[in-house]
Protein chains: 2
Amino acid sequence: MARTSARSRTATVTALDAVHFALDRGSPVPLYHQLAQQLEAAIEGGALAPGNLLGNEVDLSVRLGLSRPTVRQAIQSLVDKGLLVRRRGVGTQVVHSKVRRPLELSSLYDDLEEAGQGPTTEVLRNETVPASAEVAAALGLPEGAPVTVLERLRRTHGQPVAYLCNHLPASLLDLDTARLEATGLYRLLRAAGITLHSAHQTVGARSATAAEAALLDETKGAALLTMTRTAYDDTGRPVEHGTHIYRASRYAFDFRLLVRP
Amino acid sequence: MARTSARSRTATVTALDAVHFALDRGSPVPLYHQLAQQLEAAIEGGALAPGNLLGNEVDLSVRLGLSRPTVRQAIQSLVDKGLLVRRRGVGTQVVHSKVRRPLELSSLYDDLEEAGQGPTTEVLRNETVPASAEVAAALGLPEGAPVTVLERLRRTHGQPVAYLCNHLPASLLDLDTARLEATGLYRLLRAAGITLHSAHQTVGARSATAAEAALLDETKGAALLTMTRTAYDDTGRPVEHGTHIYRASRYAFDFRLLVRP
DNA sequence: CAGTGGTCTAGACCACGGG
DNA sequence: CCGTGGTCTAGACCACTGC
C-alpha cells in the first residue's frame with residue numbers, strides 16, 4: 001500500500017500516458033522492436049513532441065508488462081537512431097530537431113534507389129574482364145582475376161545525371177542487363193543474398209573532359225562531382241568497387257551523420 | 001563433473017584462448033567497455049585475424065567471470081563499430097576487410113580537426129549580425145535574431161584549401177579570434193560544453209567565380225567542392241550552420257558508411 | 001541433433017543531476 | 001535528498017545453422 005501510494009505520488013505525468021501500445025507476444029518480431037516501432041510512430045505522429053519526457057523506464061516496463069532491460073533495449077535503439085536523448089538524473093526525451101525524417105543513412109543508395117521521379121538506366125557495358133591493378137587491390141583479388149565491369153548512364157526526366165562505372169568479382173553473381181536497366185545494382189545484390197554492410201567513399205570534384213561533357217550533355221570544363229566507393233558485405237569482404245561521375249548542376253549528395261562518442 | 005567434461009569436450013579452440021584479458025572491477029570504466037577495448041586491441045594487434053571465430057559467448061563469460069549479457073554488450077559494441085559479425089548457429093567472427101582503421105565517422109571533422117600536416121586558419125571575419133532568412137531557418141531562430149558569422153580561410157603548406165563560412169546563434173558562446181586561428185571551431189564548441197550529436201550535410205560541386213578563384217588561388221571556372229552543413233547538439237538543437245568551399249584539386253571527402261539494417 | 005546467437009526476465013547496486 | 005539512467009547478474013527459452 002505504501003508502495004502504491006509512493007508510486008502514484010512520484011509518477012510523473014508524461015505525454016506517453018496517452019499513447020496506447022499493442023504488444024503481441026506471439027509475433028515473431030521481438031518485443032523490444034515492436035515497442036521501438038510504436039514509440040517511433042508516436043514521435044513521428046506528433047503524439048510525443050520534441051522535448052517531451054518519456055517517463056522513467058521502470059514505470060514504463062511495469063505498465064507494459066515487460067522487463068526493464070527489454071524496455072531499455074527499445075529505447076536504446078531509438079537513441080541510436082538519434083530520436084531520443086537520455087540524461088542521467090533527468091530522463092529520456094524526444095530530440096529537438098524538426099527535420100529528422102531521413103535519418104537512416106541512405107547515401108549509399110541515394111544514386112541507386114531513387115525517390116519520386118522516374119530514373120532510367122542505360123547499360124553501356126556489361127562484360128567480364130581481367131582486373132586491373134587498382135580494381136584488384138580494391139576488391140582484394142589477384143591482379144588479372146575475372147571481374148565484371150559495368151558502365152551505366154543514369155537519366156532523370158530524360159536528362160543525363162550520372163555516369164556509373166562499377167567492378168565486381170565475376171564469381172559473385174551474373175548480372176542481367178535487362179534487370180540492371182529496370183532496377184539498381186544494389187537491389188540485385190540484395191536479391192542475390194548479398195547484404196551490404198559498410199562502404200568506403202571518396203567524394204571530390206573536377207572539370208569535365210570533352211568526352212565526359214559529351215556523354216553527360218555538359219560543356220567541357222563544367223564542374224563534375226566524382227565519387228569512388230568500395231562496398232563490403234557483412235563479413236567484410238569487398239563486393240563492389242565503383243567510380244561515379246555526376247553532373248554537379250543536377251546532383252548533390254545529401255546525408256546525415258550521427259556522431260558516436 | 002559431467003558438466004565439466006561436457007564443456008571441455010565441446011569447447012572449441014579459438015584464437016581468443018591465447019589472449020589475456022585484464023578486467024578491473026574497481027575501475028570507473030564499465031566492464032563491458034573494458035572488454036570491448038581489449039577485444040578491439042586484440043583485433044587491431046593481429047591476435048585475432050579476420051575470419052577468426054570468437055568462441056561462444058557462454059564460455060567466454062565463464063572464463064572472464066562475467067555474465068553473458070555483459071559479454072554480449074561488449075561484443076555488440078564492436079559489431080556496431082563494424083569489427084565483428086554475428087551469425088546465428090555459427091558464431092561471432094572478425095570481419096574480413098583489412099582497411100578498417102578510421103571506421104569512426106570522422107567526416108564531420110575532416111576539415112576541422114586535421115591530421116598530420118600543419119594547417120593554418122586565417123579568420124577573415126568574426127562578428128555578430130542579424131540572421132538572414134536562410135540562416136534563421138537552418139538554426140531554428142527568428143529572422144533577424146543575432147548570430148555570429150565567421151569567415152575563415154584554411155591553408156595547408158601555405159596553400160589555400162578551403163573557404164569556410166559559419167553561422168552560430170550569438171547566445172551560444174563567445175568566439176575568440178585568436179583561439180579560432182589556433183584550433184578548430186568544433187574543438188571550441190566541445191570545450192564550451194557543447195557536444196555535437198548529428199549533422200545534415202549536402203555536398204556538391206560548381207565552377208569557381210572570379211572572386212572565389214582569387215581567394216583560393218585557383219583560376220576562374222575551376223571545379224570547387226561545396227558543402228553546406230547544419231550541426232545539432234545532443235538535444236537536437238541546431239548549433240551551427242556552415243557553407244564551405246574547397247579546392248577540388250587539393251581536397252576530397254573521405255569517409256566510411258555503416259549500413260544498419 | 002547439438003551448438004550458436006537472439007530474446008527475455010526479475011531482480012540488484014551504483015553514479016549522476018537537480019531540488 | 002531522491003529519482004533518473006547506467007551497469008550488472010544468473011538464470012531461461014527460442015530460432016536458426018550446420019552436420
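All values reported here derive from a predicted model rather than from experimental measurement.
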Exercise. Can you check side-chain contact (heavy atoms from CB on, under 4.5 Å) on B:Asp234 and A:Arg87, steps first, answer last?
Worked result: CA-CA 10 Å; B:Asp234 52 8; A:Arg87 297 176 172 285; 3.2 Å; yes
Could you tell me how far apart [X] ([atom1]) and [N] ([atom2]) are, to the nearest whole angstrom?
X: B:Asp24; N: D:dT7; atom1: CG; atom2: P; value: 16 Å
X: A:Leu31; N: C:dT9; atom1: CG; atom2: C1'; value: 11 Å
X: B:Leu64; N: D:dA10; atom1: CG; atom2: C1'; value: 16 Å
X: A:Ile75; N: D:dG6; atom1: CD1; atom2: C1'; value: 13 Å
X: A:Leu35; N: C:dT7; atom1: CG; atom2: P; value: 14 Å
X: A:Arg86; N: C:dC16; atom1: CZ; atom2: C1'; value: 15 Å
X: A:His33; N: C:dC8; atom1: NE2; atom2: C1'; value: 16 Å
X: A:Gln34; N: C:dT7; atom1: CD; atom2: P; value: 12 Å

Looking at [X], does any N or O in its side chain come under 4.0 Å of the phosphate oxygens OP1/OP2 on [N]?
X: B:Arg25; N: C:dC14; result: no
X: B:Ser67; N: D:dG11; result: no
X: A:Asn56; N: D:dT4; result: yes
X: A:Thr70; N: C:dT7; result: no
X: A:Thr92; N: D:dG5; result: yes
X: B:Tyr32; N: D:dT7; result: yes
X: B:Arg72; N: C:dG5; result: no

Say whether [X] and [Y], considering side chains only, have a donor N or O and an acceptor N or O under 3.5 Å apart.
X: B:Tyr186; Y: B:Glu240; answer: yes
X: B:Thr230; Y: B:His241; answer: yes
X: B:Arg86; Y: B:Gln93; answer: no

Exercise. List DNA chain D stems (3 or more consecutive Watson-Crick/G-U pairs, under 3.5 Å)?
Worked result: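 Only these stems qualify: C:1-18 with D:1-18.
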What are the two closest heavy atoms between [X] and [Y], and how far apart are they?
X: A:Gly242; Y: A:Asn166; result: CA-ND2, 3.6 Å
X: B:Leu172; Y: B:Leu168; result: CD2-CD2, 4.4 Å
X: A:Val58; Y: A:Ser61; result: O-OG, 2.7 Å

For this session: Nearest-nucleotide wise, let me know which of B:Glu57 and A:Val71 is further upstream toward the 5' end of DNA chain C.
Result: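 On the 5' side of the pair lies B:Glu57.
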For this session: Would you mind classifying the nucleic acid contact of B:Pro69 as base, sugar-phosphate or nothing, using non-hydrogen atoms under 4.0 angstrom?
Result: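 Answer is base: heavy atoms of B:Pro69 come under 4.0 Å of a base.
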Exercise. Is there a donor-acceptor contact under 3.5 Å from the side chain of A:Asn52 to the main chain of A:Ala49?
Worked result: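 Yes; at least one donor-acceptor contact below 3.5 Å.
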Exercise. Can A:Phe253 and A:Met227 be said to form a side-chain contact (heavy atoms from CB on, under 4.5 Å), step by step?
Worked result: CA-CA 10 Å; A:Phe253 290 100; A:Met227 194 258 283; 3.9 Å; yes
For this session: Determine, for nucleotides 13-19 of chain D in 5'-to-3' order, which nucleotides have protein heavy atoms under 4.0 Å from the base (write B), from only the sugar-phosphate (write S), or from neither (write -).
Result: --SSS--
Exercise. Hey, are the side chains of A:His96 and B:Tyr232 touching, using non-hydrogen atoms and a 4.5 Å cut-off?
Worked result: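 No, their side chains stay 4.5 Å or more apart.
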